[in-house]
Amino acid sequence: MNSKIKRIATILFTVLAAGMTIFSGIMKLTASPEMVATLNKMGVAPYVTLLGMMEIVFALLYLYPKTMKLGFILLSCYFAGALATELSHGTPFNAVLPMVLIWISAFLRDQTIFLPSGKLV
C-alpha cells in the first residue's frame, strides 16, 4: 500500500474511532435523555458519569502515541463489555462499530499489536 494512502487511512480510522468514543462519552456526561434511557434499560444508568469519563480517558490514551497500546486494550475491553451487555439485554449492537474502527486503526498504526514481527505473512 502506498505510504501516503496508508497514512490518510490511518488518520481517518483513528479520528473516527476516537471521535465516536469521545462523542459517546460527552453524551453520557451531559446525561442525554436518549443515552440515559438506553442505559436505564440495561440497569447501568447510575454509572452514566463514570462510563462517560472512562470512554473519554480511554480514547485520549488511545490517541496519544506513547499510550496507544494501553488505550487500545482499555477501549477493547470497554466495548467488549458493552457488547456483552447489549447481547444479554437484546438491544442493538451499538458497540460493534467503534470496536471495529479501533481495531482497524490500531492495526494501521502499529501492527505489532497483532503480529509479533509487525509484518504481514
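A quick note: this is a predicted structure, and the numbers were derived from the prediction, not measured.
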Side chain to side chain contact (heavy atoms under 4.5 Å, CB included) partners of [X], counting only residues at least two apart:
{"X": "L97", "answer": "M20, L101"}
{"X": "V44", "answer": "L39, M42, Y47, L51"}
{"X": "N40", "answer": "A45"}
{"X": "A18", "answer": "L63"}

Quick one: salt bridge (charged side-chain N to carboxylate O under 4.0 Å, His left out) partners of K69, sequence neighbours excluded?
D110
Let me check something: do [X] and [Y] share a hydrophobic cluster, defined by ILVMFWY side-chain heavy atoms less than 4.5 Å apart, either directly or through other members?
{"X": "L29", "Y": "Y78", "answer": "no"}
{"X": "F13", "Y": "V100", "answer": "yes"}
{"X": "F23", "Y": "M35", "answer": "yes"}
{"X": "I102", "Y": "V57", "answer": "yes"}
{"X": "M99", "Y": "L61", "answer": "yes"}

Are [X] and [Y] packed together at the side-chain level, in the sense that at least one heavy-atom pair is separated by less than 4.5 angstrom?
{"X": "L60", "Y": "I22", "answer": "yes"}
{"X": "L74", "Y": "M54", "answer": "no"}
{"X": "F58", "Y": "L70", "answer": "no"}

Apply ring pair (Phe, Tyr, Trp, His ring centres under 6.0 Å) to F72 and list each qualifying residue two or more places apart in sequence or on a separate chain.
W103, F114
To the nearest 0.5 Å, how far apart are [atom1] in [X] and [atom2] in [Y]?
{"X": "I5", "Y": "T10", "atom1": "CD1", "atom2": "OG1", "result": "11.5 Å"}
{"X": "I26", "Y": "T21", "atom1": "CD1", "atom2": "OG1", "result": "11.0 Å"}
{"X": "I104", "Y": "T14", "atom1": "CD1", "atom2": "OG1", "result": "10.5 Å"}
{"X": "L12", "Y": "L108", "atom1": "CG", "atom2": "CG", "result": "10.0 Å"}

Looking only at non-hydrogen atoms, find the nearest pair between I113 and A106 and report the distance.
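The answer is CD1-CB, 4.0 Å.
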Checking one residue: V15. Which other hydrophobic residues are in its cluster under the side-chain 4.5 Å linking rule?
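I11, which link up through side-chain heavy atoms under 4.5 Å apart, make up the rest of the cluster.
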Sequence neighbours left out, what passes side chain to side chain donor-acceptor pair (under 3.5 Å) with S105? Give chain and number order.
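Partners of S105 under the side chain to side chain donor-acceptor pair (under 3.5 Å) test: Y62.
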So which pairs with a foot in [range] pass salt bridge (charged side-chain N to carboxylate O under 4.0 Å, His left out), sequence neighbours left out?
{"range": "residues 74-101", "result": "none"}
{"range": "residues 30-52", "result": "none"}
{"range": "residues 44-60", "result": "K28-E55"}
{"range": "residues 74-85", "result": "none"}

